[in-house]
Novice: 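Got a structure for you, written out below as structure tokens; questions coming shortly.
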Number of protein chains: 2
Amino acid sequence: MTQFLGTHVNKLDAKGRISIPAPFRASLRAAPGEAASLVLRPSHNLQCIEAWPIAAFQALATPLERLDVFSEEHDDLAATLYADAYPLEADKEGRIVLPESLVAHAGLSDTAVFMGLGRIFQIWEPAAADRRRAEARERARSRGLTIAGASA
Amino acid sequence: MTQFLGTHVNKLDAKGRISIPAPFRASLRAAPGEAASLVLRPSHNLQCIEAWPIAAFQALATPLERLDVFSEEHDDLAATLYADAYPLEADKEGRIVLPESLVAHAGLSDTAVFMGLGRIFQIWEPAAADRRRAEARERARSRGLTIAGASA
DNA sequence: TGGGAAGATTTGGGATATCATGGGCAAATA
DNA sequence: TATTTGCCCATGATATCCCAAATCTTCCCA
């Protein structure tokens, strides 16, 4: 599986479009028959936009199918998962337009940072991205970062 | 399967018509031979209108077929499902006219929010929609339905 | 090792199609 | 005849498509 790695900075143009960093594009080609290639949603606990390749998003949603359609649980989860999600495709140049509500959630103005997180990536306001990375690094360290197989 | 994703805001005009958001229209093309493409019903426990594509609604009704037609259970279920349901079609522009009773149930005035929930969507009064989303998120979280990959 | 050159990539902007919305007209209703 | 309902067209706003300029990378060769 292709992965999203690294950090890239791009600009929003006057029309609200932004290029997806070229290294990320490979992973988001729409499956034949599918309309969208990417699903964007506001992160639950962070001030950023989460970008899911369509396949990963569908996998994310599978737990739903096991629930009774009329249950409160199903309704809550569906609302949480779907109501804020926006499927979209890139234009021929590999650009997307970010829905207004997501731009607001992430506090974006004219520059955005794409942060690779393996199977998904995030879109951040630049300063927030810096803070976030410093914080993540710090927390990982204090927790005694140990990744199986990775030796210092 | 096409899914209803995202949230869209549209207006009711003087005649009580409202456009179905374009992204939702694809999923409600009537099957050839079918009259209606969409079934509306008041939500059981929420102050909103539920919109079912005809196919999904039929699937919803399948449990009925396993019940004895003369049983109380059948009657109750059938009444719940069908009595308040309105089948309707969109006009050439993709608009529908909301039945009065549903407008009342959802407390709509001149603006309505379409909330995608995967296989169905809901129609809300804007402020109520906001409250609902916050509540759903909160309840999903407290129930411990953490979404894989979506946190930290 | 440095300078170009060729190819990608990002960014800009104009033309075009789509969409939301408003209003008119005619058939249906009462 | 007054009122409503459904059907159709008109319009402005918006988003999408397409072409092209400006940057940035990479690679090659002197």
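Naming convention: chains lettered A, B, ... in sequence-line order (proteins, then strands); numbering from 1 in each chain.
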Novice: Round to a whole Å and report the spacing from CG of Asp13(B) to P of dC19(C).
Specialist: 18 Å

Novice: Rounded to whole angstroms, how far apart are CD1 on Ile20(B) and C1' on dC19(C)?
Specialist: 13 Å

Novice: Roughly how many Å is it from CD1 in Ile18(B) to P in dT21(C), rounded to a whole number?
Specialist: 7 Å

Novice: What's the closest nucleotide to the side chain of Arg95(A) if the choices are dC18(D), dT10(C), dA20(C)?
Specialist: dC18(D)

Novice: Using atom CZ of Phe24(A) as one end and atom C1' of dT10(C) as the other, report the distance to the nearest whole Å.
Specialist: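 Interatomic distance, CZ of Phe24(A) to C1' of dT10(C): 15 Å.
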
Novice: Test Tyr86(A) against Thr7(B) for side chain to side chain donor-acceptor pair (under 3.5 Å), laying out the working first.
Specialist: CA-CA 8 Å; Tyr86(A) 292 87; Thr7(B) 299; 4.6 Å; no

Novice: Roughly how far apart are Leu40(A) CG and Ile96(A) CD1, rounded to 0.5 Å?
Specialist: 5.0 Å

Novice: Of the non-hydrogen atoms in Pro21(A) and Asn10(A), which two are nearest, and what is the gap between them?
Specialist: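 Looks like N-ND2, 3.9 Å.
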
Novice: dA27(C) C1' sits how many Å from Asp91(B) CG, rounded?
Specialist: 17 Å

Novice: Let's see if you can work this out: which of dG23(C), dC19(D), dT10(C) has an atom nearest to the side-chain heavy atoms of Lys92(A)?
Specialist: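 It is dC19(D).
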
Novice: Rounded to the nearest 0.5 Å, how far does CD1 of Ile49(B) lie from CG of Leu102(B)?
Specialist: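 So the CG of Leu102(B) and the CD1 of Ile49(B) are separated by 5.0 Å.
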
Novice: Which of parallel (below 30°), tilted (30 to 60°) and perpendicular (above 60°) describes Phe24(B) and Phe114(B)?
Specialist: perpendicular

Novice: Could you give the CG-to-P distance, from Asp110(A) to dT10(C), as a whole number of Å?
Specialist: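 Those two atoms, CG and P, are 17 Å apart.
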
Novice: Heavy-atom nearest nucleotide on DNA chain D for Arg17(B) versus Arg17(A): which residue maps closer to 5'?
Specialist: Arg17(B)

Novice: Give the nucleotide from the list dT21(C), dA20(C), dC18(D) with an atom nearest to the side chain of Glu93(A).
Specialist: dC18(D)

Novice: Identify whether any heavy atom of Ile96(B) sits under 4.0 Å from a base atom; if not, whether one sits that close to sugar-phosphate; answer base, sugar-phosphate or nothing.
Specialist: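 Nothing: the residue Ile96(B), judged by heavy atoms under 4.0 Å, touches no strand.
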
Novice: In whole Å, what is the span from the CG atom of Leu12(A) to the P atom of dG12(C)?
Specialist: 10 Å

Novice: With heavy atoms under 4.0 Å as the rule, sort Val97(B) into base, sugar-phosphate or nothing.
Specialist: nothing

Novice: Distance check needed: dT16(D) C1' versus Leu88(A) CG, whole Å only.
Specialist: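 Rounded to the whole Å, the gap is 13 Å.
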
Novice: Side chain of Asn10(A) only, heavy atoms from C-beta on: which candidate in dG13(C), dT11(C), dT9(C) is closest?
Specialist: dT11(C)

